[in-house]
Undergrad: 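Take a look at this one; I'll ask things after.
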Amino acid sequence: MVKVTLKDGSVREYEDGVTLLEVAKSLSQKLGKQALLAVVDGDNKDLSDKLTHDASVEFVVPESEEGLHAIRHTAAHVMAQAIQHLFPDVKFAIGPAIANGFYYDLDSEHVFTPEDLAAIEKEMAKIIKANIPLVRAEIPRAEALKMFEAKNEKYKVELINDLPEDAVISTYTQGDFTDLCAGPHCPSTGRVKAFKLQSIAGAYWRGDEHNKMLQRIYGTAFPSKEELDAYLHMLEEAAKRDHRKLGKELDLFSIQDEGPGFPFFHPNGMIIKNTLIDYWRQVHRRYGYYEIQTPMILSRTLWERSGHWDHYRDNMYFTKIDEADFAIKPMNCPGGMLYYRTHPHSYRELPLRVGELGLVHRHELSGALHGLFRVRCFTQDDAHIFMTTDQIKDVIQETIHLFDEVYATFGLKYHAELSTRPDDSMGDDETWEKATNGLKAAMDDFGLPYTINEGDGAFYGPKIDFHLTDSIGRTWQCGTIQLDMLLPEKFDLTYTGEDGLKHRPVMIHRVVYGSIERFIGILIENYAGAFPTWLAPCQVRILPITDKQHDYAQKLYDKMFDMGLRVHMDDRNEKIGYKIREAQMQKVPYMLVIGDKEVEEGTVAVRRRGEGDIGAMKQDEFIAMLQKEIAEKK
């Protein structure tokens, strides 16, 4: 007999060799139908697995994160089986579940088209309706090699050859399709209730640009049609908000063939960028930061000392000066270390808050570039805070307050994630544990909920990542707070303590926007290009109906321009309806229509974006309302 401890703490006994599916059915008929996987002593297992020892067991249902992953992973296999039926010459590479769906990489002489996706979906529906069981098998490496060599699946053979000779290989078979896979999977194809194939893209085998370019088919799957429809609707809305499309329509930025990954900001885009920078400076001044600027190019010896030469070199650009190696900075941190060392420091100065709006350059593969979201140069709103150990909690909480204020200004909600030590890291276990516990204590005391992201910290320290939620429910990782006890050691940073002795400071690296360019892209999509008045490139457009109102309109324009308002006058010889529609297309917050009546009464007819005509107002009344809205950043 084996004892099974359930999620509620109760214990049940079963015959040795009982399957997890049998356990689920014994608990309830509904659970037997709904369960997709089981978590046995912390590990995800197929429901066909047998229990041969006492264990704690929890069942995974479709609504959970693990359940959704299982559905999508199984959907990838269903898609591969459908492709095998329709295109038997295809060679299969890998087909994982990913954050928003799944994909499969394919090697085929046939070039897949959107029409092919429709045919594949139709075949997938047949496979799902057949409710074919997914059967796991574990076989010796030699047998697996023989199997996939016989099928002429060279990519699977390469994957197997990379495994140790004594490895046990797992495969999953559903009807006439067998795939190399670690699993786990849903019990049968019928558990994939709602799916959609979305797009076709190119992908290098194993992500290496020196390897063959494969075709990648993306899809998504959900536990129900309602959830799938909601997701697809969100994608449609996102397409309308695509910052690359709106960036062109609103004349904000461009990416030129002569500079792939290096954005050009146009006058309208520079207004938004500079307004964000002005706001950044106002906030940081209130929080006690000093602004510095460090060089863009620094010597190899600096990057070797910081650890970037060993840990980040593949993402850097290099040059030679006087026969010596230099690097274009991928981040501002080492320059901040050198600034700190320029003069002695006392404990009375700490915490010392130093901010920098530094232009950094990082090498990105051309296939990864994406508008303002993934670029090769960007402005990082960096800051480094040097402090004593006993100031860690207060400084981190103060930084969280700053982040909270900034994100609230843009109407963005967020959740926090604590990223812990990665495999490729510097330092010893004790230092990492101390730093990680310091971040946990600060968030716990602040009352900030967070999740743990194991192994995703920076190579020099753990970090808190802030994931923003936009107006259509998407999340974006922007702000980060990284606690670092290693770089101060590497750069021999010190301060004089109250005891008159030298001590080592602790520091945090932090960004609130992250990349100003990427943040602008996020804001374009969040607002669908309709920026709040304080951010809008043009805040007011004055629209005289005929030439007779030109002098009145010109005086109003001059008055508002002299007040620093971003105002434009459209005095073209066009019909007023045309002018209004064009201003609407440009998403201008306010339009002031001026006819004979407005000139006679000294007023303006005000149209507000999204509302239309809101009535006539005296000039000064409108200006006061506008200035208040801008000042309050509504």
Side-chain angles (χ1 to χ4, degrees), residues 4-10 12 19-49 55-79 95-103 124-125 127-129 131-134 172 174 181-198 218-235 237-238 413-417 449-454 467 469-470 472-475:
V4 174
T5 303
L6 300 172
K7 185 179 179 181
D8 62 4
S10 63
R12 297 204 181 192
T19 68
L20 291 162
L21 180 56
E22 288 170 336
V23 174
K25 288 179 176 178
S26 75
L27 297 175
S28 80
Q29 187 177 3
K30 181 180 179 182
L31 182 61
K33 290 182 178 180
Q34 286 191 336
L36 300 175
L37 308 172
V39 181
V40 180
D41 293 334
D43 295 324
N44 287 344
K45 299 290 184 182
D46 293 302
L47 293 181
S48 58
D49 282 13
S56 64
V57 175
E58 181 179 341
F59 290 98
V60 174
V61 294
E63 293 73 24
S64 67
E65 186 176 337
E66 294 91 345
L68 189 55
H69 185 274
I71 290 170
R72 289 170 173 171
H73 195 182
T74 302
H77 282 228
V78 171
M79 179 176 74
I98 54 176
N100 293 313
F102 59 89
Y103 68 80
M124 288 175 69
I127 295 167
I128 291 167
K129 186 176 181 180
N131 198 26
I132 305 168
L134 277 83
Y172 280 83
Q174 59 204 53
C181 186
H185 276 283
C186 299
S188 64
T189 60
R191 300 301 185 96
V192 181
K193 301 296 185 184
F195 70 93
K196 178 70 177 175
L197 300 188
Q198 298 169 283
Y218 283 101
T220 191
F222 283 87
S224 69
K225 186 177 185 301
E226 291 74 19
E227 290 169 276
L228 174 64
D229 289 345
Y231 176 72
L232 295 177
H233 176 72
M234 185 273 287
L235 291 183
E237 185 64 27
K413 296 180 180 179
Y414 64 85
H415 70 269
E417 189 175 81
Y450 61 93
T451 56
I452 303 290
N453 185 9
E454 295 288 353
H467 297 262
T469 303
D470 69 12
I472 58 173
R474 297 171 300 177
T475 58

Undergrad: Is there a donor-acceptor contact under 3.5 Å from the side chain of Gln34 to the main chain of Leu31?
TA: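 It does not hold such a pair.
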
Undergrad: For a side chain to side chain contact (heavy atoms under 4.5 Å, CB included) with Phe59, tell me which candidate from Leu27, Leu37, Leu36, Val39 qualifies.
TA: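 Testing Phe59 for a side chain to side chain contact (heavy atoms under 4.5 Å, CB included) against Leu27, Leu37, Leu36, Val39 leaves exactly one candidate, Leu27.
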
Undergrad: Spell out, as yes or no, whether a donor-acceptor pair under 3.5 Å connects the side chain of Gln174 to the backbone of His77.
TA: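 Checking the backbone N and O of His77 against the side chain of Gln174, a donor-acceptor pair under 3.5 Å is found.
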
Undergrad: How would you list, by chain and number, every residue that makes a side chain to side chain contact (heavy atoms under 4.5 Å, CB included) with Ser224, sequence neighbours excluded?
TA: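 Scan of Ser224 (side chain to side chain contact (heavy atoms under 4.5 Å, CB included), adjacent residues dropped) gives Glu226, Glu227.
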
Undergrad: What is the minimum heavy-atom distance between His73 and Gly95, and which atoms define it?
TA: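 Heavy atoms only, the tightest pair is CD2-O, 3.9 Å.
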
Undergrad: Test side chain to side chain donor-acceptor pair (under 3.5 Å) on Ser188 and Asn131 and set out the steps.
TA: CA-CA 6 Å; Ser188 64; Asn131 198 26; 2.5 Å; yes

Undergrad: Just jot down the salt bridge (Lys or Arg N to Asp or Glu O under 4.0 Å) partners of Lys193, sequence neighbours excluded, or say none.
TA: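 Here no residue qualifies.
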
Undergrad: In terms of relative ring orientation, are Tyr231 and Phe222 parallel, tilted or perpendicular, with 30° and 60° separating the classes?
TA: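 Tilted, since the angle between the ring planes falls between 30° and 60°.
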
Undergrad: Check the pair Ser48, Asp46 against side chain to side chain donor-acceptor pair (under 3.5 Å), reporting the backbone distance first and the verdict last.
TA: CA-CA 5 Å; Ser48 58; Asp46 293 302; 4.9 Å; no

Undergrad: Can you confirm whether more than 12 heavy atoms, excluding those of His233, are under 6.0 Å from its NE2 atom?
TA: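 Counting neighbours around NE2 of His233, 12 or fewer heavy atoms of other residues, nucleotides or ligands fall under 6.0 Å, so no.
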
Undergrad: Just by modelled atom types, is the Lys33 backbone N or O under 3.5 Å from a matching donor or acceptor in the Arg191 side chain?
TA: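 Yes: the side chain of Arg191 pairs with the backbone of Lys33.
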
Undergrad: Exactly one of His415, Glu417, Arg474 should register a side chain to side chain donor-acceptor pair (under 3.5 Å) with His467. Which one does?
TA: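 The passing option is Glu417.
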
Undergrad: Judged by atom type as modelled, is there a donor-acceptor pair below 3.5 Å linking the side chain of Arg72 to the main-chain atoms of Ala221?
TA: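 Here the side-chain-to-backbone pair exists.
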
Undergrad: Side-chain contact test, heavy atoms from C-beta onward, threshold under 4.5 Å: evaluate it for Phe102 versus Leu197 and give yes or no.
TA: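 They are in contact (side-chain heavy atoms under 4.5 Å apart), so the answer is yes.
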
Undergrad: Heavy-atom distance under 4.5 Å between the side chains of Val40 and Ser56, does that happen here?
TA: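 Not in contact.
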
Undergrad: Considering all heavy atoms of both residues, which atom of Val78 and which atom of Thr189 are nearest to each other, and what is their separation?
TA: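 Distance-wise, the nearest heavy atoms are CG2-CG2, 3.9 Å.
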
Undergrad: Any idea how His185 and Tyr172 line up, ring-wise: parallel (<30°), tilted (30 to 60°), or perpendicular (>60°)?
TA: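 His185 and Tyr172: perpendicular rings.
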
